[in-house]
Participant: 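There's a structure below that I have some questions on.
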2 protein chains.
Amino acid sequence: MQFTKAEEYGMLGVLYLSEKTPGSITPLSEIAEAKAIPEKFLAKIFQSLSRATIVRSHRGVRGGFSLAKDPKEVTVKEVLESIHGPYHLIKCTNNADICEKAEYCSLRELLSIAERKLIQIFEDHTLAELVEWEKAKQSVS
Amino acid sequence: MQFTKAEEYGMLGVLYLSEKTPGSITPLSEIAEAKAIPEKFLAKIFQSLSRATIVRSHRGVRGGFSLAKDPKEVTVKEVLESIHGPYHLIKCTNNADICEKAEYCSLRELLSIAERKLIQIFEDHTLAELVEWEKAKQSVS
DNA sequence: GTCGCTATGCAGTTTACAAAAGCTGAAGAA
DNA sequence: TTCTTCAGCTTTTGTAAACTGCATAGCGAC
């Protein structure tokens, strides 16, 4: 029941881009160094983000990645689901066929509730908000 | 970001006991067979539950396990935390030392919120409630 | 054009941990 | 005593995450 590194790195990456001036292009090498993330691993993650059009790729000299959308329009849920696909706390919340008596399984029911709450939280917050939090905290200290 | 088998099996085990007449003793072999759980694995899980005094062990012939408390008094959170220790969606929500700039990390903040919500849900439901859900569903069908 | 830089995509390898099994012992009842 | 059941430890297995490497392709600069 933990976040994976891929999810963590992906979020850190897009947050990094969100703080840049809109439309600017940043190479992976810069992000990887700034956030201490293995570059090749980050590349793989950004491929998913690129396919989900959360991020736009630019090849060649002075290439890299830029945000494809306004950070205000991108929810955390979108980022996380692009990386790992839809969430499921337990396998059978997804596919009732796995356990025969799923319809009687109260555990399954409870986890569905928890799952929905969790997804809701991720859906309720955008990248722009997170950047705001960060700034707010820094200005206090 | 998924439930482990240990957590799932542990919950199924205590739910099984919750449905029995209060105070009755059930051997692991019975639970393991009824729920299709590897017996030795279940034994390990029940050791944790026993140490947390959620369950009471009885050795010898006709021994086994019984619930140590009224199912109404045991929350799902207690069961889960006995098995795996306190929850943390991300390592640094637990220990700020891990990432230096934790105090500026908005991701950490969001995950703390999510974590609290999740724990709250598990805290709000008891074993007795889950058993009720199960019965309610069965009577409908 | 061609050269260097950057992402793309696939095929690995390594690592970590969950899941499971095995074995020896201890407690307890008959 | 003897059988049954849990206790506790070690070891094995399986699998997915985490990470690496390389060959390729697109793009810009020159």
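Protein chains get the first letters and strands the later ones, always in sequence-line order, with residue 1 at the start of each. For clarity, every value in this text was computed on a predicted model and none was experimentally measured.
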Participant: Which ones in residues 25-33 of chain B lie close to DNA chain D, meaning a heavy atom under 4.0 Å from one of its atoms?
Facilitator: B:Pro27, B:Leu28

Participant: Output one line per pair: protein atom, nucleotide atom from nucleotides 19-21 of chain C, and distance, for all N/O pairs under 3.5 Å.
Facilitator:
residue	atom	partner	partner atom	Å
C:dA19	OP1	B:Lys5	N	2.8
C:dA19	OP2	B:Lys5	N	3.1
C:dA19	OP2	B:Ala6	N	3.4
C:dA20	OP2	B:Tyr9	OH	3.4

Participant: Under 4.0 Å between any heavy atoms, over every strand shown, what does B:Phe46 touch: base, sugar-phosphate, or nothing? Just pick one.
Facilitator: nothing

Participant: If you look only at pairs with a residue in residues 52-71 of chain B, which of them pass as a salt bridge (Lys or Arg N to Asp or Glu O under 4.0 Å), with sequence neighbours excluded?
Facilitator: B:Lys69-B:Glu78

Participant: So, is A:Ser57 close to the C:dT6 phosphate, meaning a side-chain N or O under 4.0 Å from OP1 or OP2?
Facilitator: no

Participant: Report all interatomic pairs (protein N or O, nucleotide N or O of nucleotides 26-30 of chain D) with separations under 3.5 Å.
Facilitator:
residue	atom	partner	partner atom	Å
D:dG26	N2	A:Gly60	N	3.0

Participant: Side-chain N or O of A:Gln47 less than 4.0 angstrom from OP1 or OP2 on C:dG9?
Facilitator: yes

Participant: Taking side chain to side chain donor-acceptor pair (under 3.5 Å) as the definition, give me every residue that meets it alongside A:Ser57, ordered by chain and number, with sequence neighbours left out.
Facilitator: none

Participant: Sequence neighbours left out, what passes side chain to side chain donor-acceptor pair (under 3.5 Å) with A:Glu134? Give chain and number order.
Facilitator: B:Ser106

Participant: Residues two or more places apart in sequence or in another chain: which of them pass salt bridge (charged side-chain N to carboxylate O under 4.0 Å, His left out) with B:Glu73?
Facilitator: none

Participant: Hey, can you pull the residues of residues 14-24 of chain B with a non-hydrogen atom under 4.0 angstrom from DNA chain C?
Facilitator: none

Participant: Not counting sequence neighbours, list each pair that qualifies as a salt bridge (Lys or Arg N to Asp or Glu O under 4.0 Å) and has a residue in residues 31-51 of chain A.
Facilitator: none

Participant: Listed by chain and number, what are the side chain to side chain contact (heavy atoms under 4.5 Å, CB included) partners of B:Ala43, not counting sequence neighbours?
Facilitator: B:Leu28

Participant: Going by the side chain to side chain donor-acceptor pair (under 3.5 Å) test, which pairs reach into residues 9-29 of chain B, not counting sequence neighbours?
Facilitator: B:Tyr16-B:Glu30, B:Lys20-B:Glu30

